[in-house]
Amino acid sequence: MIALAITIFTASATVLSGLMDAPGAYAADEGFVISSSDAPTIFSSQVDMSMVQVLDSLGNISGASPEVFAFSSWGDASFVVRGVDLQRLQDTGPTIDLGPLEEEIESLSGGEALVGARLMKRLNIVPPCSIVLVGTYSSKLAFVEVLGSFSSGSPLDDELLVSLGTARHLSGMPEDLASIIRVKPDDPAWFDSLLSPRVARFVISDLGASRAVVEVNDTFQVMFDVRNWGGTAGTAEIAFKIDAADPSDSWQENITVSLAAHETRTVTRNVKVAHYGPVVVNASLGGGFPVELTKQVMVVAPYLTILVPREVLQGAEFDATVVTGTGAPVMGAAVVFDGISYVSDPDGKVRLSTDSTGNVPITASYEGYESALAIVEVLDLASLPGEFSPRIVDLSAVPDEAVEGDTIIVSVSVTNRASVGGTFQVPVTVDGSMLCTLSFVLGPVDQSTLSVAIEDLAPGSHFVSAGPYSVNVYIAPWYAEDPNLVQLVVRYGSSTSLSSSDSVPIYQAAKISEGNVAVALFSVGVVSALLASIAIVSVFSKEVHESRHKLGVLRTVGASRSSLRWIIFQQSIVVGLAGSAIGIVLGMIVVDVISASGVFAIFGHEFSIELASAPLVLILLGSVAISVLSALASAEVAARETTISSIRRLPGTPGPRIDPDELLRED
Amino acid sequence: MFCRSMFESLPLFRYTTRAKYTSLGIALCTMFIVASFLVTNGLRASMDNLSDNFESEMYLVTKVEDQVLQPFSDVAFGPLAQKMAFGAMGRAIAMPAELPVYVFSVYDPYDVLPGMFPAEEADLYVGPDLDLSGNVTLQSAATLTGVVVGEFSSPLFPSDWLLAGREFVGSLLMIDYRFNFAIIANPNASEIASVESGGFTVQSMVGIIGFLESGMRELEADVNWILVPSSFVVAVLAYSFIGSEVADKRHEIGIVKTIGAGRRRVLGYLMGESALLSAWGALLGLALGTVLAYGISTFASVVFTSVFTVKVSELLLAKAFAATVAAGLLGAVIPAVRMTSSSAVQDMKEVTPSS
């Protein structure tokens, strides 16, 4: 009976431990999983796909596998559909053994799929075959060709693997997002502390200046972001340094910034330099993840620029604008054109015209500024062709080197060197693909510049072309400014959560926190132990109760209570040990049978049931202890009865009851 | 008559302490069963609430034999066809690029589906993510050539599929004017049953509903296993109690046997005692279990952020009660039968200790 009680308890405890391990199913029990920390359920977790590229570039990450979850059904069976890059999954996840295939496959594309061995049995299909899948959250349809089966010894065997595209169609997940990213780091503990830190961790980024070129004694702003991507508040010390050509303009400052967990703040400093030359701005952060950012600003002497058309008609009026190097209009600048002097108005403009032809110089001067010179070509209308003659004269891209995510402004300048105006369409292409068509409306001897913004260029070299002109634009990966792992957390730290595979919040599927289930399972475990204890106590109590007669005889012949306790202790140890050992062995056999039968499943995954040796030892010791204690307790009660009352069950039929009064009555 | 009066004089639960503790032990076991069932039932309620967030208006109808979608006619559905859209889909190779593509057609005379599916004759419409243009030769069961004339847009079908006309797809897949899938809008239960009775499979086109439902069924099936250890302990308790009762009342039962009580009467008495004890413990356990379940849900809801509901079901309570009483009866069988098998003479040799 004790063995039976322990068998039941061992099996129950093992099933409970399997339930606790069930969460690992969605992570397929391997490595680390990045999921979004603010998602209410695992189904709605969305992480940025660009993280995969960053993880690929890190030397201490063996692999990164983006995966998209969908939930579909075929016939009566509902199951998890996992969109994967097969090669990446094989690099990071559990080992996948492919079943027989008609052709070797390295990836899943289009409507191709692989079915897990256990799911294959549930669906009762034999690959190759085709099945129709339905959408997860809205009505959708997909037709997949199951090429073969696979076996991994993990919960993946309960799933259907499809291409990322198919899973995205079924679940509605956007192209740039994934449900989770599985990561295989070389140093899991370090990686865990990196993306899920329990202390304050800081990083600086996005060092920028309000202007790239400034004039002497002109104030410009330098700003950078400080971010605390850790789990608690803290204070960061940033070394800020201005290194100018003239040492008297150089200075440095230690900036202290206090931030709450996951907070970002922008730090701004005003800088003024009194001498010409390059100024290097440096911001650096020490600590476990050091970062150093550098930016250069050019300080120049004040100068003027004249903005004027390249070509004008003879006798036609046109505007020239005098501006400073920073683009501010100059009022009262002295402008000389074709021997005539002018003074610029508050907007820096002067209205000019000339009867001369050919290249005519314009000069502008202003006190304290370097003079400017521009050349205007004055054209004779009669010498111009009478046909609209537009042509592209310039193509520029600003900046021509940028970081991923920056906007590039492409400007196309067109001129019409004719006496007749018209409309000119200029197609702009990027890497041979049409970007847009710019439409220029030009008058006689007119010029115009139009711009278009290009965004979201992928990292690498790109050619922007307009007509016969082309410029090269280079886009560096966003982390190029600081090819350090810390950039990973600047972008993603604290917006995602990093979990080891056994804590992926499967419970979120039911909007129940992991804590709820832990409470429930712990309660179940405690009550199971209590029930097993009750069973053991009950059995031993009964056995000792039935042995009271023997105990009474022993007491009669002189055994003391402590002798009785010693006898019972020995017997209970032997019985308890034997029963517990048999019970544990039987329990493990029962567990193996249950595990092989696959009878326990939760949310699409069968969970494997195993019990480590430590809990088994605990069960053995616990049950022996309970056996001994309950036997001793019952023996104590029994031993307290009087010896006579214990042995009152005498053999033989008792005679008639003797009445002493009757016996003594005198007749 | 005399035997009955003898039985009636035997005090039930003479050893009240023993009966008290045994019934308390049985109550604990029942409490465990009830709390587990109620918590799972609450989880079911949470799942149902979650499922209510997803509406499934459309159902996919297919007919599968030997792992192949079988073609069928819309005539098979009678008047129900007015709620249905029909289509055919299959895999083909687009030449000369040798690109595998999925080709489909839609016949929706009653505007069941959102979006338009205009393809006619040999006109082909590509999905936004399918790079095909001009004349396209498709190889499947047959080989046909069509012309890409535009794009189709539909949330239902993947964006890398190719839409063609009904006749074109029918010829390509060699199923003529038949279809291999249909979509029915807002069917009621009887309509679904009617379609299924024709050998078709009907499934909701929103997979999460079925997934949550099957997940809950799995969990509910898993929870039923709790009956095993709990019932076992109840049986052990009943075994111990009846065993002890028999040991203490052996002499009296021997006397009753001597004066004519049969085995059935003795067995009935002992089993009745066990049933009474188990029923009393079960009732106590039902109450304790309900309180425990509410306690767990309240504690968890306060400490953790999620909602953890408990839902009382009379059926589950009856199940727990019945399981407990049955286990109690089962546990009492061995000592009770042993008692009925022993000889009356041997029984009477045992003298009852003073109570």
Side-chain angles (χ1 to χ4, degrees), chain A residues 1 4-5 8-9 12 15 70-73 75 78 110-111 125-126 129-130 132 134-143 145 165-166 169 509-513 515-516 519-520 523-524 527-528 530-531 534-535 538-539 541-542 545-546 600-604 645 648-654, chain B residues 25 28-29 32 36 39 43 46-47 50 54 56-58 60 62 67 69 89 91 100 102 155-160 181 201 203-208 210-211 214-215 218-219 222 225 228-230 232-233 236-237 240 243-244 247 296 299-300 303-308 348-351 353-354:
Chain A
M1 191 61 70
L4 208 50
I8 298 288
F9 178 66
S12 302
V15 169
F71 305 95
S72 190
S73 62
S78 294
I125 58 174
V126 178
C129 60
S130 299
V132 182
V134 294
T136 300
Y137 305 111
S138 58
S139 296
K140 286 179 193 284
L141 201 61
F143 192 58
E145 196 182 345
T166 300
H169 168 68
K511 286 193 176 174
I512 293 175
S513 74
N516 290 150
V519 164
S523 308
V524 165
V527 177
S528 288
L530 188 63
L531 295 183
I534 290 172
S538 171
V539 166
S541 300
K542 173 184 169 298
H545 178 75
E546 289 179 350
F600 284 107
I602 184 164
F603 288 108
S645 66
R648 266 188 67 184
R649 283 185 297 176
L650 299 171
T653 308
Chain B
L28 281 177
C29 297
F32 179 43
S36 304
V39 163
L43 186 57
S46 297
M47 280 298 171
L50 187 61
F54 304 101
S56 177
E57 295 176 346
M58 298 194 190
L60 177 69
T62 52
Q67 300 186 147
L69 287 178
M89 57 183 166
R91 193 167 178 269
Y102 287 93
L156 274 169
F157 300 97
S159 55
D160 59 354
F181 76 92
T201 302
Q203 60 188 92
S204 166
M205 287 182 73
V206 178
I208 190 73
F211 182 77
S214 72
E218 287 162 359
L219 195 60
D222 295 345
W225 284 87
V228 173
S230 307
F232 170 74
V233 176
V236 166
L237 288 169
S240 301
S244 301
I296 291 174
F299 170 74
V303 174
F304 304 108
T305 56
S306 64
V307 175
F308 200 100
M348 286 200 299
K349 285 181 183 176
E350 304 295 328
V351 174
S354 57

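The chains referred to below are lettered A, B, ... by the order of the sequence lines, with proteins before strands, and numbering in each begins at 1. As the structure is a prediction and not an experimental result, all values here were calculated from the model.
One finds the CG atom of Asp160(B) at 7.0 Å from the OG1 atom of Thr166(A) (value rounded to the nearest 0.5 Å). Remark: Met58(B) CE to Ser138(A) OG distance equals 10.0 Å, nearest 0.5 Å.
Counting heavy-atom pairs closer than 4.5 Å to chain B, the top-ranked of the candidates Ala70(A), Ser72(A), Gly111(A) is Gly111(A). In terms of heavy-atom pairs under 4.5 angstrom with chain B, the leader among Gly135(A), Cys129(A), Ala142(A) is Gly135(A).
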Exercise for the section: Evaluate side-chain contact (heavy atoms from CB on, under 4.5 Å) for Gln203(B) paired with Val132(A), printing each intermediate quantity in order. Expected result: CA-CA 11 Å; Gln203(B) 60 188 92; Val132(A) 182; 6.0 Å; no
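Between Ser139(A) and Leu156(B), the shortest heavy-atom distance links the atoms O-CD2, 3.2 Å. Between Val206(B) and Thr136(A), the shortest heavy-atom distance links the atoms CG1-O, 3.1 Å.
Interface residue Ser130(A): only backbone heavy atoms are found under 4.5 Å from chain B.
The closest donor-acceptor contact from the side chain of Lys140(A) to the backbone of Phe157(B) lies at 3.5 Å or more, if one exists at all.
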